[in-house]
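All values below come from the heavy atoms of this structure, side chains included, with hydrogens, waters and symmetry mates left out. Every chain is numbered from 1, with letters handed out A, B, ... down the list of sequences.
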Amino acid sequence: MKKETLLEIRNLFIEGHYENRWNTIVENISLSLKRGEVLGLIGESGAGKSTLGLAAMGYTRQGCRLASGSIKLEGMELMGASENDLRDVRGKKIAYVAQSAAASFNPFHRIIKQYAEGPVRHGLMSGREAEKEAVEIYDRLFLPDPESIGYRYPHELSGGQLQRAMVAMAMSCKPDIIVFDEPTTALDVTTQIEVLAAVKEITQKMNKAALYITHDLAVVAQVAHRIMVLRNGKLVEEGETRGLIDHPQEQYTRELLNVRSLREEKEDSDRLDIILDIEDVDASYTDNVNVLEDISLTVRRGRTVAVVGESGSGKSTLARVITGLLPPLRGRVTFLGEELSPKLENRDRESLRRLQMIYQMPDTALNPRQTVRTAIGRPLHFYFGLSKQEAEPRIKALLEKIELDPDSYIDRYTTELSGGEKQRICIARALAAEPDLIICDEVTSALDQLVAEGILTLLQDLQNEMNISYLFITHDLATVKAISDKIVIMLEGRIVEQGTKKEILAPPYHEYTDKLLASVPEMDTDWLDTLLAERAKIFLEEDTHI
Amino acid sequence: MFASLKKAPLSARIGLCIVLINCFVALFAPLIAPYGETSVVGNVWESFSKEFYLGTDHLGRDLFTRMVYGARNTIALAFMTTAISFLLGTTLGFVAATKGGWIDQIFSRGIDIIMAFPTLIFALMVLSVMGSSTTVLIFTIAILDSTRVYRLSRAVAMDIEVMEFVEAARLRGEGLWWIMRHEILPNAMPPLVAEFGLRFCFVFLFIASLSFLGLGLQPPLADWGGMVRENAGAITFGIYIPLLPAAAIAVLTVGVNLIVDWFLHLSSGLHE
Amino acid sequence: MKNVILLILKRTLASVVTVLVISLIIFIGVELLPGDVAETVLGQSATAETVKAFRDELKLDLPPHTRYGVWLKDFVQGNFGNSLANGRPVSGLIGWRFANTIFLAATTALIAVPLAVVLGVLAAFYRNTLFDKSISVITLSFISFPEFFIAYILIVVFSVQLNMFPSMAAINASMSLGAKINAILLPALTLTFVVTAHMMRQTRAAIINVLSSAYVEMAELKGIKRLRIILLHAFPNSLSPVINVIALNLAYLVVGVVIVEVVFVYPGLGQLLVDSVAKRDIPVVQASGLIFAAAYVFLNLLADVLSMLVNPRLRQLAS
């Protein structure tokens with residue numbers, strides 16, 4: 001059966017209106033999508049992939065317009081089509097799965113009603129028929145209690161469940177093409193598996209075509225037949241998935257692929273001083289439930305301890321306990337040999353100085369009304385009493401350390417800088433205090449992959465040079481594999497396993513560690529299929545045992 | 001900031017003109033007014049002439065002079081009241097947001113109770129017992145109005161307070177006042193400045209209304225609201241004099257509102 | 001359903017407590033004056049007899065808590081004391097006046113609320129068009145004008161020049177509904193202009209907010225027609241903020257009505273309050289003040305309760 005072309009985009013230009021004029025945000029993109037084919041659109045933020053995905057439906061967001069080119073959906077030209085014609089194909093021929101399921105469902109109506117809305121309004125079937133089909137699809141997408149889950153309201157479902165419900169909703173009119181816009185970005189790694197399996201189910205077993213938009217190359221390698229690499233609205237490279245991953249042609253693609261490189265490892269010798277010692281800590285926000293239980297770990301000088309966990313594991317709470325924002329119910333925290341006061345207010349300036357923190361969102365971690373000079377200079381003044389003149393050479397030296405040109409950056413406002421630059425300033429701010437330990441709270445999670453790579457390299461270099469210890473909090477195992485000396489794995493407020501990197505990443509595994517490690521997508525295109533097949537085998541074996 | 005002034009739309013420029021003219025008149029009133037504030041110089045309700053630019057009022061005083069002094073009195077009073085209200089409300093709001101805990105609870109509950117009273121009624125009741133001296137007016141209205149400022153400044157401060165740079169300052173060991181002054185205040189300026197404009201309008205209208213009811217500034221002081229009241233009888237004779245001070249009140253309020261609108265438009269644009 | 005009812009009861013209780021606290025403040029306000037209350041209030045007319053009459057009327061010789069208790073008991077029974085100005089029972093003065101004020105306020109609300117909501121929705125829908133911008137300018141003017149300005153303009157146009165409506169809104173129980181409406185048309189119109197302007201702007205903002213949410217975009221991407229999106233997706237989620245807007249402004253109406261009553265010499269509670277304040281007739285001021293405040297609190301309560309009923313997260317508890 002010859003595969004027909006469902007979507008044909010030729011020389012598309014999309015423009016966005018800002019700074020009082022129209023700017024090109026997608027430049028001269030052409031693509032074609034055949035029935036049953038999955039095309040991955042990959043790129044960093046700002047690459048234009050979402051805009052392109054929406055354009056495939058003839059839709060642009062506020063302030064954007066389809067400037068020129070052609071978008072043919074099953075032979076129909078969408079460019080310049082009337083509102084009525086566009087509404088007719090949307091949902092019916094091509095459907096959209098958004099990044100945030102929680103925001104995309106109307107909180108007012110039940111899930112299943114929102115499923116049924118599409119097919120009923122497009123005149124495809126009655127409400128009752130649609131609801132019956134909904135249950136079937138919920139089942140196929142591995143949602144729990146498929147019979148009843150649809151009759152709940154959006155706020156009653158978890159993130160992963162909502163995401164799958166949204167995928168189901170996209171399927172309701174049985175469109176030929178589905179646009180997946182970063183569907184798993186907001187989910188935990190272990191939940192992501194479920195959604196990816198659902199996507200695979202739809203695309204392979206149900207023979208739908210799909211545009212899969214993501215920034216995660218390993219994820220797209222699992223589901224796409226072909227991949228297009230985008231950067232700043234332009235096409236960098238495209239090709240068959242296997243081929244592109246094994247033999248990338250362009251430098252940029254190569255950089256994207258190399259991101260998971262491992263780094264050198266350091267021993268955690270007992271001869272090294274213990275910088276931070278946490279003993280038997282319990283913590284809680286309310287009277288009933290403990291958010292942390294029985295936490296004990298140590299950090300030695302010049303070493304990196306990675307604390308890994310998914311949402312709800314308590315890793316961020318741990319940071320708050322260490323810094324004194326949340327006094328523990330039990331246990332103690334010892335820093336540089338002295339016990340730290342449980343409350344921040346009671347700690348002396350020296351202990352505060354030697355323990356610094358870097359945050360996840362560089363945009364909110366810096367005061368937008370301050371210049372770089374003030375941001376880095378304040379700790380110098382506050383801790384060391386340096387005057388403005390005395391501080392200047394120190395600030396410039398720090399800027400050099402973080403690889404930013406001192407003269408051009410020192411008087412700029414922090415809002416003018418990019419995410420990566422801001423994060424570097426945050427690092428400089430922490431360094432200015434000359435700390436012994438820096439707590440890095442998800443410092444690369446909000447950054448693009450290449451930028452994150454740069455930050456991690458910088459942190460490693462600084463550690464080598466200045467012998468600083470890091471407590472690195474993250475959910476991203478790939479980062480952990482790259483930079484840690486010791487790993488602490490947390491689940492629901494407890495430490496499940498901890499040890500050196502070698503110990504943790506080699507079998508035998510604790511059950512949860514196993515699950516966590518297995519859920520991280522590999523660059524291997526067969527990874528997902530293998531994983532799912534193994535899981536199916538386990539289910540089968542369990543069944544036969546009954 | 002001044003670069004954006006050049007790009008300002010027509011409405012903002014009109015607003016700016018109105019406000020500047022009023023400020024000028026208020027500041028230089030004694031130099032501008034041809035007669036004394038309370039001098040009777042002509043017949044009752046004379047029409048406008050070269051002697052009396054706007055005619056005379058119900059006692060024969062030059063209306064132009066009364067308008068000029070009225071600008072000074074009403075605007076000065078409104079401005080002072082707004083300033084006090086703002087100072088009070090913002091300080092309490094920031095402290096409540098930054099300190100949190102029981103301080104926040106006590107402040108907020110207390111203010112909720114005051115806000116449960118309709119402002120006019122509360123003001124009327126206080127005035128009935130304590131009389132209408134200028135001091136009583138200023139402080140009553142300032143305290144009542146500060147509740148709204150409290151709500152807004154607290155909300156703004158709380159939005160800023162959850163940002164990590166405030167926590168970073170806390171972890172550094174910075175004190176409460178330093179954080180409020182250097183981290184929170186600079187970032188709170190745009191909404192606060194806009195709110196000042198809006199509160200001024202409200203206070204200004206409120207004082208004018210109280211004066212109109214005879215409970216504001218007492219005669220013989222010139223005051224736009226009071227002037228409307230004094231000359232109200234003229235309407236039935238087809239003399240539209242009371243409309244003049246009323247229109248002046250309206251024009252100034254519109255002017256301030258136009259500027260505030262433009263300012264809000266600017267600052268929200270920056271955040272996107 | 002049970003949870004929602006519980007929440008409503010809690011909220012209602014809070015309101016009742018608030019009114020009690022307000023009554024306490026009103027009552028105590030008199031206490032906190034420096035010097036002797038009677039002499040301060042009576043001022044120049046303070047003679048031995050008037051002072052004694054004053055003290056007797058306000059029962060100033062009893063200890064405070066007893067006094068409050070007596071006052072409260074009387075109040076609940078409908079006895080508001082006697083007016084200092086003419087010695088007549090306050091309840092007699094207030095009753096029919098309050099009814100008149102309600103009549104005026106209700107008429108205004110009936111016109112203003114639908115008008116404001118419709119205009120707000122239309123402006124949000126057609127935002128940044130000429131229609132929206134003109135409405136924006138007009139409403140900005142109205143919220144900047146003092147009520148008495150609008151009132152006098154209306155009087156000038158409709159009363160003096162065109163002689164269509166009376167400039168003094170005198171009504172009494174014997175008039176027919178039509179005649180009453182004719183009498184209060186100008187004051188109601190004045191109030192309508194101001195209240196509608198406020199309400200419309202806030203409604204517009206609330207709806208624009210809802211229209212830019214992700215679930216509205218999702219509905220567009222599902223190919224749903226515009227009208228249905230507005231009615232089924234945008235509207236239910238705007239109910240809560242819009243109800244809040246309406247209630248806030250109705251509370252504002254309570255205040256605005258006072259000015260309008262004075263301009264049009266309308267025999268309502270507002271006019272009585274202002275007169276009594278000028279005459280320092282404390283019992284009347286206390287009683288009318290408390291009634292106005294209670295109405296204000298009640299309207300806020302109504303807004304909160306309706307908001308709760310409309311909130312999907314709470315409705316879910318009902319099923």
Heavy-atom neighbours of B:Phe196 CZ exceed 12 at 6.0 Å: yes

Pairs of heavy atoms under 4.5 Å with chain B: top-ranked of C:Pro146, C:Gly256, C:Ala294, C:Gly289: C:Pro146

Nearest atoms (heavy-atom pairs only) where B:Leu205 meets C:Ser144: CD2-O, 3.6 Å

Over all atoms of both residues, closest heavy-atom pair of C:Gln286 and B:Met125: CA-CE, 4.2 Å

Segment of B:Leu213 engaging chain C (4.5 angstrom heavy-atom cut-off): both

Portion of C:Ile22 that has a non-hydrogen atom of chain B nearer than 4.5 angstrom: both

Heavy-atom pair of closest approach, residues C:Val258 and B:Leu120: CB-CD2, 3.8 Å

Residues that B:Asp112 engages under side-chain contact (heavy atoms from CB on, under 4.5 Å), provided they are two or more places apart: B:Arg109, B:Arg151

Contacting region of B:Leu243 [heavy-atom separation from chain C under 4.5 Å]: both

Interface residues of residues 247-260 of chain B facing chain C - heavy atom cut-off under 4.5 Å: B:Ala247, B:Ile249, B:Ala250, B:Thr253, B:Val254, B:Asn257, B:Leu258

Aromatic ring pairing B:Phe212/C:Phe148, orientation class (parallel under 30°, perpendicular over 60°, tilted between): parallel

Atom group of C:Ile153 that falls short of 4.5 Å from chain B, counting heavy atoms: both

Residues, nucleotides or ligands: over 12 heavy atoms within 6.0 Å of B:Phe139 CZ: no

Which of C:Val297, C:Val156, C:Val262 touches chain B most, by non-hydrogen pairs under 4.5 Å: C:Val156

Point-to-point distance, once rounded to the nearest 0.5 Å, from OG1 of C:Thr18 to CD1 of B:Ile113: 6.5 Å

Chain C contact via B:Pro118 - side chain, backbone, both or neither, heavy atoms under 4.5 Å: both

Full working for side-chain contact (heavy atoms from CB on, under 4.5 Å) between C:Tyr296 and B:Ile121: CA-CA 10 Å; C:Tyr296 191 70; B:Ile121 311 296; over 6 Å; no

Check ion pair C:Arg201-B:Asp261 (N to O, under 4.0 angstrom): yes

From CD1 (C:Ile143) to CZ (B:Phe202), nearest 0.5 Å: 12.5 Å

Side chain, backbone, both or neither of C:Val21 within contact of chain B (heavy atoms, under 4.5 Å): side chain

